[in-house]
Amino acid sequence: VGLQTFGCLVNRTPYSAEGVAETDCTLEIVPVGAFEQLVESDGAFRARLFGAVASRFADLERLVEDVALSSVAERLARALLRLAGGSDAVDATHESLASEIGSAREVVSRQLAAFARDGLIGVTRGHIALTGRGRLEALAHIAE
């Protein structure tokens, strides 16, 4: 459950966000009245709901802390390494990376260009090759 979704249901306000599914999925739309009834009468639903909200708050707290205490370069290096996993490639747009690290697309584009100039990555449209993984890990403060 997203925090905005939860807030809209609890406050009975319109939901203004949009999402993009990266894989096939099934959605279930729960009307406000049915949601309120489930919260009141179904302990298992209530526990799952509050667990999901608590998890999202923890994610938000980590993001705020990361943005406040880390440079764009550090956050972007960490995101690239996380998204690459064990490979040396990331398929992502500048926009999606910006969303991932809590920054603006233009800022991410400038930082990717700097990484490319420094030989840390190679960039083509929608694809980033990690050519300096060790240096990215050092920048991201990840133990090798």
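Every value quoted in this text rests on a predicted model; they were computed, and no experiment measured them.
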Could you walk me through whether V107 and L76 pass the side-chain contact (heavy atoms from CB on, under 4.5 Å) test, one step at a time? CA-CA 10 Å; V107 173; L76 185 56; over 6 Å; no

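- To the nearest 0.5 Å, atoms CD (E95) and CZ (R105) are separated by 7.0 Å.
- Residues passing the salt bridge (Lys or Arg N to Asp or Glu O under 4.0 Å) test with R125: none are found, sequence neighbours excluded.
- Residue-environment remark: OH (Y15) exceeds the threshold of 12 foreign heavy atoms within 6.0 Å.
- Applying the side chain to side chain contact (heavy atoms under 4.5 Å, CB included) rule to F50 yields the partners F6, R46; only residues at least two apart in sequence or on another chain are considered.
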Check against side-chain contact (heavy atoms from CB on, under 4.5 Å), L97 and L83: CA-CA 10 Å; L97 288 170; L83 293 169; 3.7 Å; yes

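- In the displayed structure, E106 atom CD is contacted under 6.0 Å by more than 12 heavy atoms of other residues, nucleotides or ligands.
- A114 is linked by a side chain to side chain contact (heavy atoms under 4.5 Å, CB included) to Q111, R117, counting only residues two or more places apart in sequence or in another chain.
- In this structure L81 satisfies the side chain to side chain contact (heavy atoms under 4.5 Å, CB included) test together with L130, R133, L136, E137, A140, I142, sequence neighbours excluded.
- Qualifying salt bridge (Lys or Arg N to Asp or Glu O under 4.0 Å) partners for D91, counting only residues two or more places apart in sequence or in other chains: none.
- Residues satisfying the side-chain hydrogen bond (donor to acceptor under 3.5 Å, both in side chains) criterion with T93, sequence neighbours excluded, are S96.
- Scanning all heavy atoms of the two residues, the minimum distance from G119 to T131 falls at O-OG1, 2.9 Å.
- The two residues G102 and R75 make their nearest non-hydrogen contact at O-NH2, 3.8 Å.
- Checking side-chain atoms of S55 against main-chain N and O of G51 turns up no donor-acceptor pair under 3.5 Å.
- In this structure, the separation between CZ on F57 and CZ on R62 is 13.5 Å, given to the nearest 0.5 Å.
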Let me see the working for V53 and R56 under side-chain contact (heavy atoms from CB on, under 4.5 Å), right down to the final yes or no. CA-CA 5 Å; V53 170; R56 295 299 299 186; 5.7 Å; no

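- Considering every non-hydrogen atom in both T13 and G7, the closest pair reads OG1-O, 4.3 Å.
- Not counting sequence neighbours, the partners of E74 by the side chain to side chain contact (heavy atoms under 4.5 Å, CB included) test are S70, S71, R78, H141.
- Residues that satisfy the salt bridge (Lys or Arg N to Asp or Glu O under 4.0 Å) test with R82, not counting sequence neighbours, are E100.
- In this structure, V30 and L9 approach most closely via the heavy-atom pair O-CD2, 4.0 Å.
- Among I128, L139, L120, the single residue meeting the side-chain contact (heavy atoms from CB on, under 4.5 Å) criterion with L80 is I128.
- Pairs of residues two or more places apart, or lying in two chains, that qualify as salt bridge (Lys or Arg N to Asp or Glu O under 4.0 Å) and include a residue from residues 19-45 are R12-E36.
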